[in-house]
> 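I have a structure I would like to understand better, so I am pasting it below and will then ask my questions one at a time.
Residues: numbered from 1 along the sequence shown. Side-chain atoms are counted along with the backbone in the values below, which use heavy atoms only and exclude waters and symmetry mates.
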Amino acid sequence: GLIHGRNLDYDSYGTFDQHPVMLYFLPNAPSEQAYMSVTSTGIHTAGITAMNESGIVLTLHQAMVDETTRHGPPVLGVTERVVRQARTLEEAAQLIQASRFAGAWRIIVSSVNEGTAATFEVSARGVERISMTANALVETNHAMTESMRRREFSLSFQYFEDTRLRRRALESKLSTIARPGVQDVLDLVSGTTSEGVERTHHGIPAKMNNIQSVIFDGAAGLVWM
């Protein structure tokens, strides 16, 4: 079945490493469903790394894009509504595309039961969708759609170069595995070397100072952290 793996690798000063938490939500409203979140003590929203009972997995990723506004809801309110309500990938897409966003983000949604996934690049300008092709969707921390790339920024050229090399390294390694299992995906997202492929700065993770890797095996109903 479909496996969704992600790294949460950013400057949160060890908080996620030291205080990991799994939260389970059981809403009373008939239109909503049970869902869970992999998070940290003190972060009670489920809009960063989550999965619901319909097999919809949602992960939120930072986008370095200067397309913002002072108007619009916090992104975690939008993403939590998606994982609380969506039962299919198209329902998730409709909720995201109908929302306004104050800042720029990349929302990756997969549907275990449908065996497919999509990336939604969102900003104050609007929403762009990248659908999964073939058997995999691989993303790192750079904008892919033309409208987002025009406003992308970084403190150094190395960021642009490294994030694209990391993406190509993931795609290259993934292409050698006929049917990836949980351990394969874990090895891919957490690998700190990139021998045999284009050399990235330090392997696949964006930063080495603080990493939370999560693997959703929806068919087995298991979450690995």
Side-chain angles (χ1 to χ4, degrees), residues 1-10 16-17 20-24 33-40 46 48-61 79 82-83 86-89 92 106-120 130-142 144 162-208 210-225:
L2 188 144
I3 299 173
H4 187 139
R6 72 86 47 91
N7 285 336
L8 193 65
D9 42 4
Y10 77 115
F16 278 78
D17 288 350
V21 173
M22 282 193 176
L23 291 179
Y24 295 85
Q33 56 193 321
Y35 57 105
M36 62 82 63
S37 174
V38 181
T39 181
S40 175
I48 301 174
T49 306
M51 178 178 178
N52 68 25
E53 64 179 289
S54 296
I56 297 296
V57 180
L58 181 147
T59 56
L60 179 67
H61 302 261
T79 50
V82 172
V83 80
R87 288 172 167 79
T88 66
L89 183 63
R106 309 186 79 228
I107 305 170
I108 301 179
V109 182
S110 66
S111 174
V112 172
N113 295 330
E114 298 169 290
T116 189
T119 297
F120 299 90
I130 304 169
S131 296
M132 186 175 83
T133 58
N135 296 317
L137 176 68
V138 175
E139 298 287 12
T140 49
N141 297 87
H142 60 283
M144 294 291 291
D162 192 56
T163 187
R164 285 162 173 78
L165 288 177
R166 289 190 295 113
R167 186 175 193 269
R168 287 204 289 267
L170 276 168
E171 289 178 325
S172 177
K173 290 183 177 183
L174 190 61
S175 67
T176 66
I177 306 172
R179 189 175 177 83
V182 169
Q183 188 62 52
D184 295 313
V185 175
L186 178 59
D187 291 342
L188 283 169
V189 301
S190 61
T192 56
T193 60
S194 52
E195 287 83 359
V197 296
E198 293 178 87
R199 178 66 185 171
T200 67
H201 182 52
H202 47 57
I204 299 305
K207 296 178 181 292
M208 297 302 296
N210 187 68
I211 304 172
Q212 184 186 75
S213 297
V214 183
I215 311 295
F216 292 94
D217 182 359
L222 295 173
V223 181
W224 303 86
M225 179 169 62

> State, to 0.1 Å, how close Ala86 and Asn52 come at their nearest heavy-atom pair, and which atoms those are.
O-ND2, 2.8 Å

> Please walk me through it: do Ile56 and Ser111 pass side chain to side chain contact (heavy atoms under 4.5 Å, CB included)?
CA-CA 5 Å; Ile56 297 296; Ser111 174; 3.8 Å; yes

> Just do the side chain to side chain contact (heavy atoms under 4.5 Å, CB included) check on Leu58 and Ile107 with the steps written out, would you?
CA-CA 7 Å; Leu58 181 147; Ile107 305 170; 3.9 Å; yes

> Quiz question: by atom type and distance under 3.5 Å, do the side chains of Asn113 and Arg87 form a donor-acceptor pair?
no

> How long is the gap from CG on Leu60 to CZ on Phe120, to the nearest 0.5 Å?
13.0 Å

> A side-chain contact here means heavy atoms from C-beta on lying under 4.5 Å apart; do Leu170 and Leu188 qualify?
yes

> For residues 211-218, tabulate all N or O donor-acceptor pairs below 3.5 Å that involve a side-chain atom, not counting sequence neighbours.
| from | atom 1 | to | atom 2 | distance (Å) |
| --- | --- | --- | --- | --- |
| Ser213 | OG | Asn7 | OD1 | 2.7 |

> If you measure from OG1 on Thr163 to CZ on Arg168, what distance do you get to the nearest 0.5 Å?
10.5 Å

> So which heavy atom on Gly115 is nearest to which on Met132, and how close?
O-CE, 3.4 Å

> Ile108 vs Arg6, test: side chain to side chain contact (heavy atoms under 4.5 Å, CB included). Steps then yes/no.
CA-CA 10 Å; Ile108 301 179; Arg6 72 86 47 91; over 6 Å; no

> Which pair of non-hydrogen atoms, one from Thr116 and one from Leu2, has the smallest distance, and what is that distance?
N-CD1, 3.4 Å

> Please check: side-chain N/O of Glu53 versus main-chain N/O of Gln33, any donor-acceptor pairing under 3.5 Å?
no

> List the atom of Asp9, the atom of Ala206, and the distance in Å for their closest heavy-atom pair.
OD2-N, 2.6 Å

> Quick one: which of Arg167, Arg166, Arg164 gives a side chain to side chain donor-acceptor pair (under 3.5 Å) with Asn141?
Arg166

> Output a table of donor-acceptor pairs, distance under 3.5 Å, between side-chain atoms of residues 175-185 and any protein atom two or more places apart or on a different chain; print 'none' if there are none.
| from | atom 1 | to | atom 2 | distance (Å) |
| --- | --- | --- | --- | --- |
| Ser175 | OG | Ser172 | O | 2.6 |
| Thr176 | OG1 | Lys173 | O | 2.7 |
| Gln183 | NE2 | Asp187 | OD1 | 2.9 |
| Asp184 | OD2 | Gly181 | N | 2.9 |

> Please report the closest heavy-atom contact between Arg106 and Thr140, naming both atoms and the distance.
NH1-O, 2.8 Å

> On a heavy-atom basis, which atom in Leu137 and which in Ala117 lie closest, and how many Å separate them?
CD2-CB, 4.0 Å

> Please check: side-chain N/O of Glu139 versus main-chain N/O of Thr119, any donor-acceptor pairing under 3.5 Å?
no

